[in-house]
2 protein chains.
Amino acid sequence: MPKLGMEPIRKTALVKATIVEIGRAGSLDVTVGQIAKRAGMSTALAHHYFGGKEQIFLAAMRHILSLYGAEIRGALATATTPRARLEAIVLASFSPANFRREVVSAWLNFYVLAQTVPGARRLLSVYQRRLHANLLHALRPIVGGRAEEIALSLGALIDGVYLREALSAGPSDGRASAKVVQDFLAAELLRFDMTQQKGADL
Amino acid sequence: MPKLGMEPIRKTALVKATIVEIGRAGSLDVTVGQIAKRAGMSTALAHHYFGGKEQIFLAAMRHILSLYGAEIRGALATATTPRARLEAIVLASFSPANFRREVVSAWLNFYVLAQTVPGARRLLSVYQRRLHANLLHALRPIVGGRAEEIALSLGALIDGVYLREALSAGPSDGRASAKVVQDFLAAELLRFDMTQQKGADL
DNA sequence: TTTTTTGTTGATTGACGAGTCAATAAACGT
DNA sequence: ACGTTTATTGACTCGTCAATCAACAAAAAA
């Protein structure tokens, strides 16, 4: 039965199973056995391919991050103006995909992991830097020197709004979340126009 | 040896020990044994007073929340103007106490708990509602009808900035965090003044 | 064909942990 | 003095789980 080239197949199966199980448990209290079973193999095989539980978690984190990255890239691809790029980033960050139980759980638990596991912290800061760079790139043409600080608070606001929406009771409303962030953006841009002494109507 | 009236003493000792241990572990992967040992008693006694691990965690969460609440109340007590109340809330939210390892760890893990443990979610929403009410009360005299939405994003921004600062490498800088939020507030108030068609200088 | 590499698992090991219980003891009420 | 309540723990039960290992199977290389 042993077909060759199983490694990548087994690994992605394990990663997906891990994310599902984390979603089910709501925590990292997930056994290798549960993961392996969901992925359709023995625990021994999971250890064989990943070496240990922590590495499985890190692979899952990488996967979540890459999904998010892909979504952002996709949204940016269709945006032409800087302003549209900003909207695209915000929209993508609050897409329904990001509010799936497993994804929320993954994020929250990765925050926890990032406290103590250096690999996790590194991954998280990669995400933050990428988001920051994207925001910066879109903001610079609009607000020039103030781009840095606006990008900073915009990034934090996205995280904060996501956190609240994800933990609120009832189904998550990405639309409403996006609106909060867009409003913030509008306020900051308006303030920029004011300090530039431009009437800025049309 | 059994002195009477031990219950409250033992309970607070356990709660404090729990928070320390959560800080040490960076997660809720903390055994009742560790907690009991740090609190200077046997595991059996911990179970005797709290009934189970989950209830110990909830008590710890209540404690963290009450510390935060006390700090907010203290800061508000000295504020006279609405604007000063807002500053006080922001400052208190980013006080050094809130960036201690144990406190950060507690918050992050309570977010995780809130996903699955109803009691934890309830406590978290108590915190959110209290913060919201405080912000609202301070904002209403300044921006009237727009208080609701500004309070919403202000609350989210506080959470988001806290999250980032707490997870950033190096020592946390509450001062810088507070400034980000204060800047946001300034932008929103400026926008409000603009839409009210008032020049608003002094 | 023999050997090596790759895939795969059941069974086992070794450790740890939540919660229970019986037993001990001091204080309190009467 | 005596029964009751409160405090306290060591020892134990029962379960779980990460990680390892020996062994088997098939494909590829030699």
Side-chain angles (χ1 to χ4, degrees), chain A residues 1-61 105 109 112-113 116-120, chain B residues 1-61 105 109 112-113 116-120:
Chain A
M1 291 180 186
K3 294 164 188 170
L4 284 228
M6 281 285 95
E7 178 155 352
I9 296 168
R10 294 303 199 185
K11 277 194 164 184
T12 65
L14 282 168
V15 163
K16 286 186 180 171
T18 301
I19 293 169
V20 172
E21 286 299 315
I22 289 176
R24 273 175 51 92
S27 72
L28 301 183
D29 264 328
V30 166
T31 72
V32 176
Q34 289 167 352
I35 294 171
K37 185 174 183 181
R38 181 168 296 270
M41 71 194 81
S42 69
T43 70
L45 199 52
H47 277 99
H48 174 65
Y49 280 124
F50 274 103
K53 208 180 178 183
E54 184 175 313
Q55 285 161 275
I56 300 182
F57 282 151
L58 286 179
M61 188 165 175
S105 211
N109 282 290
V112 168
L113 260 197
T116 54
V117 179
Chain B
M1 291 181 186
K3 294 164 188 172
L4 285 229
M6 281 285 96
E7 177 155 351
I9 296 168
R10 294 303 200 184
K11 277 194 164 183
T12 64
L14 282 168
V15 163
K16 285 185 181 173
T18 301
I19 293 169
V20 171
E21 286 299 316
I22 289 176
R24 273 175 51 90
S27 72
L28 300 183
D29 263 327
V30 167
T31 72
V32 176
Q34 288 168 352
I35 295 171
K37 185 174 184 181
R38 181 168 295 270
M41 69 194 82
S42 69
T43 69
L45 198 52
H47 277 99
H48 173 66
Y49 281 123
F50 275 104
K53 208 180 176 182
E54 184 174 314
Q55 284 161 275
I56 300 182
F57 282 150
L58 287 180
M61 188 164 173
S105 211
N109 282 289
V112 168
L113 260 196
T116 54
V117 179

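Only a predicted model underlies this, so the values are computations on that prediction, with no experimental measurement involved.
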Whole Å only: how far is the [atom1] atom of [X] from the [atom2] atom of [N]?
X      : N       : atom1 : atom2 : answer
F57(A) : dA18(D) : CZ    : P     : 8 Å
L14(A) : dA18(D) : CG    : P     : 13 Å
M6(B)  : dA26(C) : CE    : C1'   : 12 Å
I56(B) : dA18(C) : CD1   : P     : 9 Å
D29(A) : dC17(D) : CG    : C1'   : 11 Å
E7(A)  : dA27(D) : CD    : C1'   : 16 Å
H47(B) : dA22(C) : NE2   : P     : 17 Å
E21(A) : dC17(D) : CD    : C1'   : 15 Å

Original post:
Are any of Y49(A)'s side-chain N or O atoms less than 4.0 Å away from OP1 or OP2 of dT6(C)?
Top reply: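 Checking dT6(C) against Y49(A), no side-chain N or O comes under 4.0 Å of OP1 or OP2.
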**OP:** Verify the contact: side-chain N or O of R10(A) to OP1 or OP2 of dT8(C), cut-off strictly under 4.0 Å; return yes or no.
**Re:**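 Checking R10(A) against dT8(C): at least one side-chain N or O falls below 4.0 Å of OP1 or OP2.
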When you get a sec, tell me which of [options] is the closest nucleotide to the side chain of [X]?
X      : options                   : result
A44(A) : dC21(D), dA18(D), dT8(C)  : dC21(D)
T31(A) : dA19(D), dA18(D), dG7(C)  : dA18(D)
H48(A) : dG19(C), dT8(C), dA18(D)  : dT8(C)
S42(B) : dT8(C), dC17(D), dT9(D)   : dT9(D)
L4(B)  : dC28(C), dA18(D), dG19(C) : dC28(C)
V32(A) : dA18(C), dA18(D), dA27(C) : dA18(D)
M41(B) : dT20(C), dA19(D), dT9(D)  : dT9(D)

Original post:
Mapping L45(B) and Q34(A) onto DNA chain D by nearest heavy atom, which one lands closer to the 5' end?
Top reply: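 The residue mapped nearer the 5' terminus is L45(B).
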Subject >> Backbone of A46(A) reached by a side-chain donor or acceptor of K11(A) within 3.5 Å >> reply: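 Not confirmed, K11(A) side chain does not pair with A46(A) backbone.
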Original post:
Distance-only, no hydrogens or angles: does the Q34(A) side chain make a donor-acceptor pair with backbone N or O of T31(A) under 3.5 Å?
Top reply: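 Such a contact is found between Q34(A) side chain and T31(A) backbone.
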Original post:
Does the pair R10(A)/E7(A) count as a salt bridge with the N-to-O cut at 4.0 Å?
Top reply: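 Salt bridge: no.
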Original post:
Quick one: does N109(B)'s side chain get under 4.5 Å of I22(B)'s, heavy atoms only?
Top reply: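 When only atoms from C-beta onward are counted, I22(B) and N109(B) do touch, with a gap below 4.5 Å.
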**OP:** Return yes when atom NZ of K16(A) has more than 12 non-hydrogen atoms of other residues, nucleotides or ligands closer than 6.0 Å, and no otherwise.
**Re:**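 Not buried by this count: 12 neighbours or fewer within 6.0 Å.
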